[in-house]
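Comments concern the structure below.
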Amino acid sequence: MGAPSSTYRVQFTPSFTFADAAGIADYLARLGVGALYGSPMLDAREGSNHGYDVTDPTRARPELGGDAGRVALQDRLKALDLGLVVDIVPNHMVVPNPWWEDVLAHGQASKYARYFDIDWSSGKVLLPVLAEDAPDEVHEHYLKANWRRGNTELNYRRFFDITELAAVRVEDPEVFEATHRAVLSWGVTGLRIDHPDGLADPGGYFRRLREHFDGWLVVEKILGPDESLPQSWPVDGTTGYDALREICGVFIAPTDAYDGDFHAVEHASRQQVADSILVAEVRRIARLVEGVEFEEACRAVAEVMVNFPVYRSYLPEGLRYWETAVRLSRSPAVRALDEQVRADPHGELATRIQQTSGMVVAKGTEDTAFYRYTNFVALNEVGGSPDRFGLPVGEFHQRAARREAAEPNAMTALSTHDTKRSEDVRARLAVLAEIPDAYLAFEAAMTEKHGISEPALNRLAWQSVVGAWPLTEDRLGQYLEKASREAKIKTSWVDRNAEFDAEVAAWPAKALNSPEVAAFAERIKVPGWSNSLGQKLVQLTAPGVPDVYQGTELWDFSLVDPDNRRPVDYDVRRDLLARIESGWLPEVDDSGAAKLLVVQKALHVRKRGLHGYRPMHAEGPAAEHVLAFERSGVITVATRLPVGLEQKGWQDTVLPLPGAKWTDVLTGRPATEDLASLLDTYPVALLVQGDQ
């Protein structure tokens, strides 16, 4: 099975089931989608709105329709020539679950004792102390279990710091078979593998999976700006955060107005994570370091993980990343740690520290530093680099050509269920890079009038308001509660600050009722639309397999989950699509129909097959405002930096077109080289040879 032409991600919940997905299949086919891409479909905790808390990997989730509903969905998709891509979670399961219950009841004698990543040296499973106000049924459950109460020294590996998500040992062939048997029998088009960095041996896992699955295989691997996937992994590519960084970056103007010391904030954030919420993992690893006093080993382990330049290495591949982390560490015990890891790169110490470094980086950078370093939050994205301001057009072309040559079937994304803000919020915030003086003056004036007392949250709040405008007090309040607690500066999920929490809770009403906010949001709205259409067309036609996150075929101004998992109104989208199919050319306005037009036309062109990559260059005084490339006789043209363009106009800028007659499929008109004429209806164009 080959890669789909594109995917459309849906979030399965008890209120959006397999039957609901089957109900929108005809709409997706009309939109031009190649495959439905679903969140985890295996049985999960009751009421889960994401499915990553799997309880039983041997069956499709009954709350979503069970195996019968899953089969009916696949039949419907097949009838419409649509594929199915499924998200699976090999790293962990939620506890309690039947296997875990058996382990707690029977200890090492349990059939499932080897299924979970437990250090059995103490003879028991060590669980956290229960809160005094925990429900009676929780106390009753654990009092019957085979565990030792009152220790914070957890001896089972978790998913990050989530105690109720226990790691699974899929490196064991028996465990792999038990956890993958069902989904591998479904005959799906592709698999998306969640959190491979948590696995003991990701490369080994992918090689085993490839022995059983010959479809499209993409992995949720967060790459650094200059990092590539290990070449030994038999996968098609990542889930697209690297492409997101590049596509969004090329629409951001370079400026030093928002500069700061991101790396200092990042280092402090990672250190705090290693010393607090992940201290149990650090201590477990430190016990494996030989010939070093325990507390010294703890400091060395934490320091090396804090200093990783990427999420993790895969020794012996990625040795340079390990060497960098060691070189930056100053603890006396680091030398002994380094020697032991190098001596046995596949040993338990090397394995544990590598699979944990990604946890420290993710929790420290994505979930802490990105809420503390808030100078320009359009860059604060999963896989993003807040210290790299914008991406030159030439570098974008180089990276796109490299993707086409090396990983043409990697996924590309602009919005996901994990992004910190949606693609259209980032597109609007990108405008602030073109008008830094105006924005900073606005922020200073509004801070004086209605500021939040903590500066980092204050900066984040004002950018969030203008970026996601309009939004309700409830949505903004929930977001700021999460942001303030993730930042862990004046409050946190563990140590609450009632006075500050109250200040944050009261802020949305003040900000959202300020006429100055509405006025500034209106000022950046139109250039934000231009950026949105540009980055969307580029994503849908550039190398890779583009994913459209649910609902983002119209404007979507969502913030981080759960805001970005709100229900999607498909009736509105069906009606607008019907009008587009009848020949309607919508205005670029608040309805978002222009974006739907771009998505529908680009996805249908994409289904013809696009290959190769040739940069194209405009000529004239406004040439820097164009991003263009050609693939398989299809030319993509996108406007960039629209504020600067509005100030000077296209003047005589042209895009030389090769040879034959060209037609813009967005408008149906013959294409012209004169950019003022070509882009007089929309800020983007999609050209095909001949008449359309």
Side-chain angles (χ1 to χ4, degrees), residues 222-227 241 245-246 248-249 252-278 299 302-311 321 324-331 357-392 395 420-421 426 429-430 432-437 439-444 447 451-464 467 480 483-492 560:
I222 314 302
L223 296 173
D226 302 308
E227 181 186 11
Y241 289 113
R245 178 181 62 243
E246 295 160 13
C248 293
I252 294 176
T255 176
D256 59 5
Y258 301 97
D259 278 0
D261 191 348
F262 170 68
H263 292 290
V265 175
E266 181 182 44
H267 189 277
S269 300
R270 291 184 183 184
Q271 190 68 58
Q272 181 175 342
V273 164
D275 292 343
S276 56
I277 60 176
L278 295 180
R299 282 189 285 272
E303 190 175 10
V304 168
M305 292 194 294
V306 165
N307 285 324
F308 253 81
V310 293
Y311 279 66
Y321 302 128
T324 297
V326 169
R327 185 176 66 253
L328 294 174
S329 302
R330 297 289 179 262
S331 172
S357 71
M359 297 161 62
V360 172
V361 172
K363 294 301 295 182
T365 299
E366 292 174 28
D367 294 342
T368 305
F370 280 3
Y371 291 99
R372 292 182 177 182
Y373 184 85
T374 57
N375 295 16
F376 187 80
V377 298
L379 299 175
N380 291 22
E381 197 47 82
V382 180
S385 301
D387 58 324
R388 295 195 178 196
F389 223 97
L391 187 76
E395 184 178 348
K420 301 299 184 187
R421 48 199 57 82
R426 287 194 305 272
L429 291 177
L432 305 186
E434 290 199 78
I435 54 169
D437 293 342
Y439 173 72
L440 291 173
F442 160 80
E443 183 184 285
T447 297
I452 296 176
S453 61
E454 199 288 296
L457 184 66
N458 181 67
R459 289 191 297 269
L460 175 64
W462 290 116
Q463 291 175 69
S464 299
L480 293 180
S484 62
R485 293 178 182 178
E486 294 285 9
K488 299 176 275 290
I489 297 176
K490 293 190 70 171
T491 188
S492 72
V560 75

Those residues that, when tested against R270, pass salt bridge (Lys or Arg N to Asp or Glu O under 4.0 Å) (two or more places apart):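 Scan of R270 (salt bridge (Lys or Arg N to Asp or Glu O under 4.0 Å), adjacent residues dropped) gives E266.
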What residues, two or more places apart in sequence or in another chain, satisfy ring-ring contact (aromatic ring centres under 6.0 Å, His included) together with Y241?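 Checked Y241 against ring-ring contact (aromatic ring centres under 6.0 Å, His included); zero matches.
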Sequence-distant partners of F370, ring-ring contact (aromatic ring centres under 6.0 Å, His included), two or more places apart: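 Residues passing ring-ring contact (aromatic ring centres under 6.0 Å, His included) with F370: none at all.
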Does [X] have any side chain to side chain contact (heavy atoms under 4.5 Å, CB included) partners at least two apart in sequence or in another chain, and if so, which?
X: I277; answer: D161, V273, K363
X: A362; answer: F160, Y311, E366
X: R485; answer: E481, T491, W493, R496, D501
X: A433; answer: I252, A253, T255, F376, F389

Set of side chain to side chain donor-acceptor pair (under 3.5 Å) partners for [X], sequence neighbours left out:
X: N458; answer: T447, W462
X: D275; answer: Q271
X: S331; answer: none
X: Y321; answer: none

Step-by-step side-chain hydrogen bond (donor to acceptor under 3.5 Å, both in side chains) determination, S453 to K490: CA-CA 10 Å; S453 61; K490 293 190 70 171; 3.2 Å; yes
Among residues two or more places apart or on two chains, list those pairs meeting salt bridge (charged side-chain N to carboxylate O under 4.0 Å, His left out) that have a residue in residues 371-390.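 Of all non-adjacent pairs touching residues 371-390, those that pass salt bridge (charged side-chain N to carboxylate O under 4.0 Å, His left out) are D226-R388, E381-R426.
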Flag, side chain of R459 to backbone of E443, donor-acceptor distance under 3.5 Å: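 A pair under 3.5 Å: no.
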Nearest-0.5 Å distance, CG of residue D259 to CG of residue N375: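 Rounded to the nearest 0.5 Å, the CG-CG separation comes to 8.0 Å.
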